[in-house]
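Note sheet for the following structure.
Whatever order the structure lists ligands and atoms in, that order sets their numbers, starting from 1.
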Amino acid sequence: MTVREHKSQHEKVDSLPLISKSATVTEVEAMDKVRRGEVRRRLLKLGEKHGFNDVVPAAGPIDWDVVFEAATQSRRQLASQIGAFRDRFERAHPALVRIVFETEEPFEFAAGQYLSIRYRERTRAYSIASSPTRDETELCIRRVPDGRLSPRLCDELSVGDRFVVRGPNGHLLLEDSSPRDMAFLATGTGVAPMKSMIDYVFETGRDEYEGKKRDVWLFLGAAWEDDLPYHEAFADLNAEHDNFHYVPCLSREPWLSDWDGETEYIQDALLKYVDERALEDAAFGRHIAEMLANTPTTTVDARIDPHELEVYACGINAMVYSLETAVKRLGVPNRHIHCEGYG
Ligand SMILES: Cc1cc2nc3c(=O)[nH]c(=O)nc-3n(C[C@H](O)[C@H](O)[C@H](O)COP(=O)(O)OP(=O)(O)OC[C@H]3O[C@@H](n4cnc5c(N)ncnc54)[C@H](O)[C@@H]3O)c2cc1C
């Protein structure tokens with residue numbers, strides 16, 4: 001009997017084919033902002049309303065234990081908002097970076113694939129965010145607090161630095177062209193392979209099949225607006241193409257700004273845009289039925305027919321799993337659902 005060797009994810013990506021021993025970083029840019037000032041102002045306002053503003057200092061560090069105690073004593077429902085403010089105020093910056101690099105020789109990959117990067121003796125997988133039509137390759141990386149590699153990529157990497165690149169690998173790939181519409185669903189940096197695929201779709205005219213436009217949807221979720229990678233690029237694409245529908249979903253942003261877009265989880269937001277006529281007499285549980293009945297917050301008037309849809313989903317495993325379950329229930333055929341989990 002042959003016992004298959006078990007390899008961890010990191011070991012696996014360390015043994016992909018070598019692309020470059022010495023790829024050169026040509027750009028590093030923070031994608032998120034420092035928003036401590038905004039958090040403090042909103043916290044003070046909240047404090048004025050609920051009588052705890054005297055424990056919020058006008059400048060300097062905030063004692064969050066004291067704020068928590070004072071704010072939630074009589075109003076328990078404030079706990080999640082104060083917790084979100086604390087996390088946002090205390091978090092290291094940058095928490096999201098884009099990294100562009102070049103290799104000595106060009107390499108081929110398909111939109112949606114990932115590479116492995118070895119830097120400072122650690123190897124991790126990162127999806128390619130740029131289209132295969134571009135000369136330089138772009139990654140989009142989120143800081144995992146206390147992670148071994150991502151904080152170093154966020155804090156230490158600069159133009160001219162070098163790292164080892166292996167790959168490409170991955171099966172999150174575009175289907176052959178067809179008349180089906182496409183829905184891309186991602187949270188945070190899960191959008192990296194989607195950016196590559198969406199750019200590629202529009203650059204190569206795959207958003208059209210036999211003279212007919214296909215609707216291309218992107219539901220992108222994050223907590224805060226500046227945690228949406230490529231937000232402006234997607235908004236521009238949305239303005240440029242009638243058949244591209246960008247639906248950002250922000251769970252916490254309304255606490256910090258006048259955000260008036262979607263705030264649900266992306267799988268729930270998607271349900272609001274489903275054409276109920278396409279579901280015929282299908283029966284759903286209460287939650288799905290309620291979401292289907294909700295009116296979209298945006299002005300997008302296109303609607304989704306799940307039977308005529310191909311779905312691409314990427315993000316943390318738990319989210320990808322619930323997305324997969326939700327779209328299957330709606331009637332998207334299994335063979336048209338393509339998912340990748342980041343762990
Ligand atoms: C196919 C694939 C593609 C990927 N593409 C990207 C990408 O485009 N951009 C990107 O930022 N990351 C991506 N990742 C995740 C990336 O490979 C690393 O796991 C991540 O950067 C954390 O590495 P680390 O060394 O900082 O943390 P580690 O030291 O490996 O982990 C520290 C702790 O954080 C937990 N953890 C690991 N990853 C995550 C995470 N993503 N979210 C929350 N907790 C986590 C671990 O379970 C562990 O407990 C991808 C992963 C896979 C498998």
Task: R148 N/O to ligand 1 N/O under 3.5 Å - done: yes
Open item on the list: Regarding Y114 and N169, do their side chains bring together a donor and an acceptor under 3.5 Å, going by distance alone?
Closed with: yes
Open item on the list: Checking side-chain contact (heavy atoms from CB on, under 4.5 Å) between P57 and each of I62, L44, D63, V67, which is the one that passes?
Closed with: I62
Task: Atom NZ of K213: over 12 foreign heavy atoms under 6.0 Å - done: yes
- [ ] Tell me which protein heavy atom sits closest to atom 15 (C) of ligand 1, plus the residue, atom name and distance to 0.1 Å.
- [x] A125 O, 4.0 Å
- [ ] Using distance alone, determine whether I316 and ligand 1 share an N or O pair under 3.5 Å.
- [x] no
Task: Side-chain donor-acceptor pair present, T24, R162, cut-off under 3.5 Å - done: yes
Open item on the list: To check your reading of the model: name the closest protein heavy atom to atom 26 (O) of ligand 1, its residue, and the distance in Å.
Closed with: S150 OG, 2.6 Å
- [ ] Give the numbers and elements of all ligand 1 atoms closer than 4.0 Å to a heavy atom of P151.
- [x] 26 (O)
Task: Nearest-option assignment for atom 22 (C) of ligand 1, heavy atoms, candidates T123, V144, V97 - done: V144
- [ ] Among all protein heavy atoms, pick the one closest to atom 32 (C) of ligand 1 and tell me residue, atom and distance.
- [x] G147 CA, 3.9 Å
Task: Heavy-atom protein neighbour under 4.0 angstrom from atom 49 (O) of ligand 1 - done: no
Open item on the list: Within the supplied structure, the quantity of interest is the number of heavy atoms (other residues, nucleotides, ligands) at a distance under 6.0 Å from E240 CD; does it exceed 12?
Closed with: yes
- [ ] Provide, to 0.1 Å, the distance between atom 23 (O) of ligand 1 and the closest protein heavy atom, together with that atom's residue and name.
- [x] R124 NE, 3.5 Å
Task: Parallel, tilted or perpendicular, as decided by the 30° and 60° cut-offs, for the rings of F107 and F109 - done: tilted
Task: Parallel, tilted or perpendicular: rings of F244 and F234 (30°, 60°) - done: tilted
- [ ] May I ask you to identify the nearest protein heavy atom to atom 4 (C) of ligand 1, giving residue, atom name and distance to one decimal place in Å?
- [x] Y342 CE1, 3.2 Å
Task: From R214, R335, R206, residue fulfilling salt bridge (Lys or Arg N to Asp or Glu O under 4.0 Å) relative to E310 - done: R214
Task: Identified ring-ring contact (aromatic ring centres under 6.0 Å, His included) partner of W217 from the options Y246, Y273, F184, Y312 - done: Y273
Open item on the list: Below the 3.5 angstrom mark, is there an N/O of Y114, backbone or side chain, next to an N/O of ligand 1?
Closed with: no
Open item on the list: Quick test: of every protein heavy atom, which one is nearest to atom 43 (C) of ligand 1, and how far off is it to 0.1 Å?
Closed with: R142 NH2, 3.5 Å
TODO: State whether the shortest distance between N or O atoms of Y126 and N or O atoms of ligand 1 falls below 3.5 angstrom.
DONE: yes
Open item on the list: Is there a polar contact, in the sense of an N or O pair closer than 3.5 Å, between C140 and ligand 1?
Closed with: yes
